[in-house]
Every structure is written in structure tokens, then in C-alpha cells.
Amino acid sequence: MQFDRLWLNATLVTMDGPEGDPLGVIRDGAIAAKDGRIAWLGPRAAIPGSAAETIDCAGAHLLPGLIDCHTHLVFGGDRAGEFQQRLAGVSYEEIAKAGGGILSTVRATRAADEAALIASGTPRLAALMAEGVTTVEIKSGYGLDIETELRQLRAARALAAAHPVRIETTLLAAHATPPEYAGRRTDYAAHVAQDIIPAAAREGLADAVDAFLDTAIGFDARETAMVLDVAHGLGLPVKLHADQLRDDDGAAFAARHGALSADHIEYANPAGLRAMARAGSVGVLLPGAFYFIRETHHPDVAAMREAGLRLALATDLNPGSSPALSLLLMLNLGCTLFRLTVEEALLGVTRHAAAALGRQDRGRLAPGLLCDLALFDIRQPADLCYWIGRNPCTGRVVGGR
């Protein structure tokens with residue numbers, strides 16, 4: 001058999017092992033690519049052919065390319081000044097009343113043209129790629145009007161075209177109520193459903209639609225359902241920001257609406273978690289936001305395990321609550337703050353992160369899947385969760401290249 005490329009002398013961490021061995025490690029392994037997909041993998045001694053190019057991995061660990069399945073990477077400005085104010089004792093409410101908070105990012109994003117959004121997003125994307133990330137989800141949500149929401153999505157598409165990385169775009173126009181709709185939250189939700197989602201669908205800019213279900217600062221169940229139902233009607237999968245600051249029964253809501261994932265879920269109740277597991281939804285944990293806003297209510301990981309809920313981890317990269325540029329750091333935070341096991345954490349940035357995006361063609365090392373790989377100079381998989389501030393990534397492969 002003739003392959004395009006062959007990587008050998010590697011420890012393969014397939015994320016495709018049997019029950020009890022989910023990492024599926026193959027020592028002294030090799031993996032071959034043909035036409036951008038994995039054509040074969042197994043012990044080096046069993047290679048069934050040759051390749052036009054052979055790469056010696058020098059004993060490195062080779063994983064599926066990492067997946068950051070929840071980011072808000074494209075936005076204007078930053079909120080470092082507000083961070084400094086909060087450290088000095090100014091409350092979030094006081095900052096918001098003075099024009100800060102999410103609406104300050106909305107103003108900055110509306111003022112930025114597409115080129116500016118691409119320019120500011122490029123180094124953020126580069127930081128993730130440098131750690132072995134090959135797929136990044138990017139949400140809109142800082143425009144809150146048709147023009148800027150679509151501009152954010154176009155910028156995300158442009159980043160994908162300019163860099164060797166796969167980008168999944170998510171329309172999050174139902175993120176907050178813009179100032180021009182103050183006191184008319186339901187009217188804005190209707191605008192999102194009737195105008196913004198169809199506009200994004202017509203241009204093919206959104207791979208999915210997300211909404212922030214929160215009865216205090218987001219949208220209530222009726223308003224959120226209005227948004228998600230329109231998305232479904234247009235053939236777009238849906239996701240949900242749910243149960244981050246209180247139990248709004250968001251996990252059960254996500255299950256009823258067939259959401260790919262419910263994200264944050266610190267306050268999700270056990271019944272909702274069981275409903276998610278039955279529906280096939282993925283729970284996305286975001287320890288960066290938990291850490292940065294100094295949350296104290298931990299997600300009920302024991303109930304998640306008992307329900308059999310698949311768990312993903314992501315950076316939630318955003319200017320307000322998780323200015324996190326490291327998915328490897330999230331591995332450590334997921335283990336130290338939420339007490340995930342090494343296996344749970346690593347599955348959370350590979351196999352289960354792919355499921356959270358509805359992408360079954362990546363996140364594992366198996367024949368027929370996309371040949372997206374990350375090479376790490378480590379002694380054991382646990383090193384990726386153990387070290388803080390170390391980046392052992394020595395190479396990435398996207399589509400067999």
C-alpha cells in the first residue's frame with residue numbers, strides 16, 4: 001500500500017480505546033495518511049506499505065489534533081481596565097452602570113471593521129495553534145445587530161482561510177440585549193430569530209446557533225426556544241450557554257431542544273444532566289471562566305459521571321470572563337478545580353470536544369478520520385494535564401500536512 005505520509009517512532013494516544021482504557025495508547029506506533037485522512041495506524045512493526053514521505057517522531061506522543069470547542073475569539077478591544085477596577089474594589093454592577101461590561105465590548109466590536117477583527121484575532125488563534133489545537137469554534141455575540149454579527153462570522157471564516165486550522169463558526173446573537181433594545185428583550189429575541197439567523201444562513205456563515213439561557217441577564221426559556229426553533233428550521237444545529245450562574249433548568253432545556261452541547265453547567269441539576277446524557281448532548285466545562293470570575297459553585301461532576309454524560313473542556317476565550325489563550329491550561333484547571341481525571345480531561349479536548357461540535361470526523365485516531373494530529377514531547381499523557389505554563393507541542397498536522 002502506498003501512503004502520502006507516514007509518521008513513525010511515536011506513542012499513539014488514539015482516544016479510541018476500549019472501556020477501561022479510553023486513551024487507547026499504542027507504543028512504538030506509526031500512522032499513515034492518504035488524501036488528508038488517516039489510512040492506517042498501528043504498531044510500527046506492522047506497517048503495511050510505504051509512503052512518499054516518512055517522518056520520524058523521535059519518540060514523541062502523537063494525539064488527535066486538540067479541539068477548543070467554545071471560544072469567543074473574534075472581538076474588538078479588551079476589558080483589562082475593568083479587571084483592574086474590580087481588583088480595586090469596584091463592583092461589576094458599578095462598572096456596568098458606567099457603560100462597561102459586555103456592552104463595552106459590543107461598542108468596540110461594532111467600531112472595528114473586518115480587517116481589524118482579523119488582525120486582533122490572529123495572535124489569539126496563533127496561541128491556540130501553538131499548543132496543538134487544530135479545530136477552534138468561534139462564536140459571534142459581540143455585535144448584537146445584523147451587520148456586526150455577520151462581520152464577526154466573516155472574520156472567523158477569513159481566519160480559517162488564512163491559517164492551517166479548522167474553524168467552526170457559531171452565531172450567538174442571542175448573547176445579551178443591545179442598548180437600542182433596552183427594556184424590550186423579547187423584541188430583540190424575535191429580531192434574532194426572524195432577521196439575524198436567516199441572514200447568517202443565507203450567506204452560509206454559521207455552522208451552528210447558540211443562545212444564552214439565563215433568566216436574569218440572558219434570555220428566558222420562551223425567548224431562547226424562539227431562537228433555537230428557527231435555527232433548527234433552517235437546518236442549523238444548536239448549542240446553549242446554560243446554568244452558569246444559577247439553575248435555570250438549562251440542561252434539561254438543552255436536551256429537549258436537541259442541543260449538541262450545554263456549556264458552563266455549573267449549576268445544572270442531576271435530572272437535567274441525565275436528560276442531556278439520554279439526548280446525546282455533551283456537557284462543556286469552562287474552568288477558565290470559573291477561575292476568572294472567582295465562582296465558588298462547582299459543577300456536579302459526580303452526577304455527570306453517574307449520568308454517563310460526555311464531558312468536554314474549552315477555553316471560553318473572551319474578553320470579559322475568560323481571557324484565556326491556553327487550552328493546555330484548561331486541562332490543568334479542569335483536573336485541579338473540577339477534579340476531572342486525566343482521561344476525562346484529554347477526552348474533553350479531543351473526542352468529546354468533537355462531539356460537542358457535531359463533528360464525528362475528528363477527535364480520535366482511527367482509519368477514515370481526518371488526519372489532524374498534534375505531537376508532544378512528553379513522557380506520558382498525564383504530563384499534558386500536570387505541567388502549568390509548559391508547552392510541549394513540537395508539531396501539528398492538519399489534513400495530513
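Bear in mind that the values here come from a model prediction, so they are computed numbers and not experimental data.
Of all heavy-atom pairs spanning Ala189 and Phe219, the tightest one is CB-CD2, 4.2 Å. Taking each heavy atom of Pro198 and Leu234 in turn, the nearest pair found is CA-CD1, 3.9 Å. Annotation for Cys371 and Ala33: closest pair SG-CB, 3.7 Å, computed over non-hydrogen atoms. Taking all atoms of both residues into account, the shortest heavy-atom contact from Ala155 to Val74 is CB-CG1, 4.0 Å. Minimum heavy-atom separation, Asn391 to Ala130: ND2-O, 2.9 Å. Residues Ala259 and Ser281 come closest through the heavy atom pair O-OG, 2.6 Å.
Salt bridge Arg151/Asp113: absent, no basic N to carboxylate O contact under 4.0 Å. A salt bridge links Arg305 with Glu344: the distance from a Lys NZ or Arg NE/NH1/NH2 to an Asp or Glu carboxylate oxygen falls below 4.0 Å.
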Exercise. Take Trp40 and Lys34, measure what side chain to side chain contact (heavy atoms under 4.5 Å, CB included) needs, and give me the verdict at the end.
Key: CA-CA 9 Å; Trp40 175 88; Lys34 181 75 173 178; over 6 Å; no

Exercise. Applying salt bridge (charged side-chain N to carboxylate O under 4.0 Å, His left out), run through Asp16 and Arg351 and close with a yes or a no.
Key: CA-CA 8 Å; Asp16 199 35; Arg351 182 170 187 155; 3.2 Å; yes

Self-check item: Derivation and outcome, side chain to side chain contact (heavy atoms under 4.5 Å, CB included), residues Leu384 and Leu63
Solution: CA-CA 11 Å; Leu384 293 175; Leu63 278 72; 3.8 Å; yes

Exercise. Begin with the C-alpha distance, continue with both residues' side-chain angles, and end with the deciding distance and a verdict on side chain to side chain contact (heavy atoms under 4.5 Å, CB included) for Ile196 and His191.
Key: CA-CA 7 Å; Ile196 301 181; His191 174 52; 3.9 Å; yes

Exercise. Take His72 and His175 through the side chain to side chain contact (heavy atoms under 4.5 Å, CB included) test and state the conclusion after the steps.
Key: CA-CA 11 Å; His72 306 250; His175 192 195; 4.1 Å; yes

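Each salt bridge (Lys or Arg N to Asp or Glu O under 4.0 Å) pair with one or both residues in residues 202-227, not counting sequence neighbours, appears once here: Lys139-Asp210, Arg154-Glu203, Arg157-Asp207, Arg185-Asp220, Arg185-Glu223, Asp214-Arg246. Sequence neighbours left out, the pairs with a member in residues 158-168 that pass salt bridge (Lys or Arg N to Asp or Glu O under 4.0 Å) are Arg166-Asp372, Glu168-Arg359, Glu168-Arg362. The list of salt bridge (Lys or Arg N to Asp or Glu O under 4.0 Å) pairs with a residue in residues 263-286, not counting sequence neighbours, is empty.
For Asp21 (side chain) and Gly17 (main-chain N/O), no donor-acceptor pair under 3.5 Å exists by modelled atom type. Between the side chain of Lys239 and the backbone N or O of Ala356 there is at least one donor-acceptor pair closer than 3.5 Å. Between the side chain of Glu131 and the main chain of Leu328, a donor-acceptor pair closer than 3.5 Å is present. With hydrogens and angles disregarded, a donor-acceptor distance shorter than 3.5 Å links the side chain of Asn269 to the backbone of Gly272. Side-chain atoms of Asp243 come within 3.5 Å of backbone atoms of Gly250 as a donor-acceptor pair (strictly under, hydrogens ignored).
Applying the salt bridge (Lys or Arg N to Asp or Glu O under 4.0 Å) test between Arg110 and each of Glu147, Glu180, Glu149 identifies Glu180 as the sole match. The one candidate from Asp316, Leu340, Leu333, Leu337 that meets the side-chain contact (heavy atoms from CB on, under 4.5 Å) condition with Leu285 is Leu340.
Summarising the local packing, CZ of Arg390 is surrounded by more than 12 heavy atoms from other residues, nucleotides or ligands at distances under 6.0 Å. Residue Glu114 qualifies as enclosed at atom CD: its count of foreign heavy atoms under 6.0 Å is above 12. Counting heavy-atom neighbours within 6.0 Å of Tyr386 OH, excluding the residue itself, gives a total of 12 or less. More than 12 heavy atoms of other residues, nucleotides or ligands shown are found within 6.0 angstrom of OH on Tyr181. The environment of Gln2 atom CD is dense: over 12 non-hydrogen atoms of other residues, nucleotides or ligands sit within 6.0 angstrom. Under a cut-off of 6.0 angstrom, the local environment of CZ in Arg184 is crowded, with over 12 non-hydrogen atoms contributed by other residues, nucleotides or ligands.
Between Ile67 and Glu137, the closest side-chain pair of non-hydrogen atoms is not below 4.5 Å. Within the 4.5 Å cutoff, the side chain of Leu228 has heavy atoms near those of the Leu240 side chain. Side-chain atoms of Leu260 and Val282, non-hydrogen and from C-beta on, never get closer than 4.5 Å to each other. For the pair Leu159/Leu73, a side-chain contact is recorded, criterion being any heavy-atom separation below 4.5 Å from C-beta on. Side-chain contact between Asp248 and Phe253: absent, with no pair of heavy atoms (C-beta onward) separated by less than 4.5 Å. Counting heavy atoms from C-beta outward, His241 and His70 have side chains that approach closer than 4.5 Å. No side-chain heavy atom of Pro319 sits under 4.5 Å from any side-chain heavy atom of Phe83. At a threshold of 4.5 Å between non-hydrogen side-chain atoms, the residues Met129 and Pro164 count as touching.
Looking only at atom types and distance, the side chain of Thr109 has no donor-acceptor partner in the side chain of Gln152 under 3.5 Å away. When only modelled atom types and interatomic distance are considered, Asp377 and Thr394 share no side-chain donor-acceptor pair under 3.5 Å.
Aromatic ring centres of His232 and His257 lie farther apart than the 6.0 Å criterion allows.
In this structure, Phe290 CZ and His264 NE2 are separated by 12.5 Å, a value rounded to the nearest 0.5 Å. To the nearest 0.5 Å, the span separating CG on Leu325 from CG on Leu128 amounts to 6.5 Å. With values rounded to the nearest 0.5 angstrom, Cys335 atom SG is found 7.5 Å from Leu313 atom CG. Between the CG atom in Leu331 and the CD1 atom in Ile388 there is a gap of 11.5 Å [rounded to 0.5 Å]. Put simply, OG on Ser322 and CD1 on Ile293 are 9.5 Å apart, with the number rounded to the nearest 0.5 Å. Between Thr54 atom OG1 and Ile47 atom CD1 the span is 7.5 Å, to the nearest 0.5 Å.
Residues satisfying the side chain to side chain donor-acceptor pair (under 3.5 Å) criterion with Arg86, sequence neighbours excluded, are absent altogether. Residues that satisfy the side-chain contact (heavy atoms from CB on, under 4.5 Å) test with Pro123, not counting sequence neighbours, are absent from this structure. By the side chain to side chain donor-acceptor pair (under 3.5 Å) test, Arg310 pairs with no residue at all, sequence neighbours left out.
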